[in-house]
J.: 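Got a structure for you, questions after.
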Amino acid sequence: MADPSANPFALAQEAAALIAERTGVERHDVALVLGSGWGEAADLIGETTATLQATELPGFSAPAVQGHVGTIRSILTSEGKRALVLGARTHFYEGKGVRAVVHGVRTAAAAGARTLVLTNGCGGLNPGWTPGTPVLISDHINLTAASPLEGATFVDLTDLYSSRLRDIARTVDPSLAEGVYAQFTGPHYETPAEVQYAKRIGADLVGMSTALEAIAGRHAGMEVFGISLVTNLAAGISPTPLSHQEVLEAGAAAGPRISRLLADIISKL
Ligand code: 8IG
């Protein structure tokens with residue numbers, strides 16, 4: 001066989017084949033990437049039928065962030081759907097390249113998933129969004145100066161964050177706020193001036209993930225749903241400086257509530 005590391009799609013196919021073998025599930029229906037604060041949702045979505053270490057699979061590496069888990073779980077929902085939960089996200093700031101960042105998404109697509117649910121913890125620009133507020137992602141601004149696509153791959157990103165899926169989420173919680181997510185490279189947080197810049201170009205949320213994954217998901221033909229947990233007000237919006245500890249605490253405090261919300265949304269997808 002040709003060397004799959006030369007081709008990101010072949011590498012994803014190889015990882016997906018191993019997922020099918022190890023989980024005994026030939027095709028998964030939906031894939032979830034659980035970011036900061038969202039980890040508990042997996043237990044509420046359904047019954048975990050298999051747990052793999054991401055590092056057992058080709059192309060995956062151990063997660064770099066405290067509060068992120070490096071497991072991949074196959075879950076059977078009460079509606080009989082198969083969910084693949086990726087607890088291991090590779091961030092752009094790890095310097096492993098964009099292919100590594102979107103490998104999980106491409107693997108999920110190769111494992112059959114037609115729906116991609118992306119979650120994250122992020123900074124909020126709306127002072128009314130106190131830490132612990134979940135916000136639907138309506139669109140994104142990719143400030144990484146990178147793309148997961150290579151070559152003349154002209155993919156339309158209109159309605160990238162499916163309005164159909166956002167409507168479904170609002171049937172679960174009509175009060176859900178919605179906003180535009182700007183992906184910065186990180187790992188530093190923004191300066192207050194950068195937050196003001198993000199605001200002027202139309203962002204409501206600032207983070208370090210999701211946009212590149214959403215693009216790869218759309219390219220792979222998946223319907224994308226994104227939801228953020230505002231774990232902190234973005235720099236300069238609040239008078240107090242940001243700390244990763246604060247982020248973890250806000251995520252932990254909001255965990256049970258937003259996990260229930262996400263599980264209820266998944267049950268309707
Ligand atoms: I959690 O304020 C979390 N992730 N870029 N800015 C950026 N990423 C984040 C933030 C934030 N909070």
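Both counts, for ligands and for their atoms, begin at 1 and track the order of listing. Just the heavy atoms: all of them, side chains too, but no hydrogens, waters or symmetry mates, feed the values below. We count residues from 1, following the sequence as given.
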J.: Do side-chain atoms of Gln183 reach the backbone of Ala211 as a donor and acceptor pair under 3.5 angstrom?
T.: yes
J.: Using heavy-atom distances, let me know which of Leu233, Leu125, Asn232 sits nearest atom 2 (O) of ligand 1.
T.: Asn232
J.: Side chain to side chain donor-acceptor pair (under 3.5 Å) between Arg73 and Thr48: does it pass, once the steps are laid out?
T.: CA-CA 7 Å; Arg73 291 162 68 165; Thr48 297; 2.7 Å; yes
J.: Mind checking whether Asn120 contacts ligand 1 via backbone (N, CA, C, O), side chain (CB onward), both or neither, at a 4.0 Å heavy-atom cut-off?
T.: neither
J.: What residue and atom, counting heavy atoms only, is the protein's closest point to atom 4 (N) of ligand 1, and at what distance?
T.: Gly121 O, 3.6 Å
J.: Please write down residue, atom name and distance for the protein heavy atom closest to atom 11 (C) of ligand 1.
T.: Tyr189 CD2, 3.4 Å
J.: Could you establish whether Ser36 and ligand 1 come within less than 4.0 Å of each other, counting only heavy atoms on the residue side?
T.: no
J.: Side-chain contact test, heavy atoms from C-beta onward, threshold under 4.5 Å: evaluate it for Thr119 versus Leu262 and give yes or no.
T.: yes
J.: Quick one: does Ile75's side chain get under 4.5 Å of Lys81's, heavy atoms only?
T.: no
J.: Only counting residues at least two apart or in another chain, list the ones meeting ring pair (Phe, Tyr, Trp, His ring centres under 6.0 Å) with His103.
T.: Phe60
J.: Mind checking whether Val206 contacts ligand 1 via backbone (N, CA, C, O), side chain (CB onward), both or neither, at a 4.0 Å heavy-atom cut-off?
T.: both
J.: Give me the atom names and distance for the closest heavy-atom approach of Ser228 to Tyr181.
T.: OG-CD1, 3.6 Å
J.: In chain order, what residues pass the side chain to side chain donor-acceptor pair (under 3.5 Å) check against Thr144, with sequence neighbours excluded?
T.: Asn142
J.: Counting from 1, what ligand 1 atoms have a heavy atom of Thr231 closer than 4.0 Å?
T.: 1 (I)
J.: Measure from atom 5 (N) of ligand 1 to every heavy atom in Glu190, Met208, His91, Gln183 and give the option owning the shortest one.
T.: Glu190
J.: Look at ligand 1 and say whether Gly207 reaches it with a heavy atom at a distance under 4.0 Å.
T.: yes
